[in-house]
> 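Attaching a single structure in structure tokens format; questions to follow.
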Amino acid sequence: MAKGHRSQIKRERNENKDTRPSAKISYARVSVTKACFVLDVIRGKDVNEALAILQYNNRKGSKIIYKLLKSAVANAENNNGLKAENLYVAECFANKGPTMKRIHPRAQGRAYRIEKKTSHITVVLDER
């Protein structure tokens, strides 16, 4: 029934923890599909190349993901002691967040629903 002592379970869970530098933003005001268009472009690229792509990309989520990538690079340099030149975007993905529902008044007393979608975006870096 029981798998082991609680501290033993926690110890085993922490052994399998991913130590790659990463950054995450929760409740970003961009839909998952719009964020994924931008994330697909930078996946697997060097950090400097990805930052250049994001800086001149005109899509909705590119400004948010640009800040997130810079944060991940800063985490790698300060927390893990890695050089920014050797880093590349190993993983990047967006998960669906909660949707804010708003009402827009229409003709003859009707109401249309407006859905303001949010997403949780994660960027994971790795060293070449």
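These values consider heavy atoms only, across backbone and side chains, with no hydrogens, waters or symmetry-generated copies.
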> Is it true that atom CZ of Arg6 has more than 12 heavy atoms of other residues, nucleotides or ligands lying nearer than 6.0 Å?
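Atom CZ in Arg6 is not packed in, count stays at 12 or less.
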> For Leu69 and Leu54, work out which heavy atoms get closest and say how close.
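Nearest pair, atom of Leu69 first, then Leu54: CD2-CD1, 4.0 Å.
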> So, the side chain of Asn57 versus the backbone of Arg59: is there a donor-acceptor pair under 3.5 Å, distance only?
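Yes, because the side chain of Asn57 sits within donor-acceptor range (under 3.5 Å) of the backbone of Arg59.
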> For the atom pair CG (Leu68) and OG (Ser62), what is the distance rounded to the nearest 0.5 Å?
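Between Leu68 CG and Ser62 OG, I get 12.5 Å after rounding to 0.5 Å.
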> Please name the residue in the list Leu51, Ile53, Ile42 that meets the side chain to side chain contact (heavy atoms under 4.5 Å, CB included) test with Ile65.
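Between Ile65 and the candidates, side chain to side chain contact (heavy atoms under 4.5 Å, CB included) is satisfied uniquely by Ile42.
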> Side-chain donor-acceptor contacts of residues 97-125 below 3.5 Å, not counting sequence neighbours, with atom names and distances?
unit_1	atom_1	unit_2	atom_2	d
Gln108	OE1	Arg110	NH1	3.1
Thr118	OG1	Pro98	O	2.4
Ser119	OG	Val30	O	2.9
His120	ND1	Tyr27	N	3.1

> Let me check something: do Val32 and Tyr66 share a hydrophobic cluster, defined by ILVMFWY side-chain heavy atoms less than 4.5 Å apart, either directly or through other members?
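Cluster IDs for Val32 and Tyr66 differ.
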> For Asp40, check side chain to side chain donor-acceptor pair (under 3.5 Å) against everything at least two apart and list the hits.
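Partners of Asp40 under the side chain to side chain donor-acceptor pair (under 3.5 Å) test: Arg43.
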> Side chains of residues 73-92: which donor-acceptor partners sit under 3.5 Å, not counting sequence neighbours?
unit_1	atom_1	unit_2	atom_2	d
Asn75	ND2	Ser22	O	3.0
Asn75	ND2	Ser71	O	3.4
Asn78	ND2	Ala74	O	3.2
Asn80	ND2	Thr19	O	3.1
Glu91	OE2	Arg20	NH2	2.5

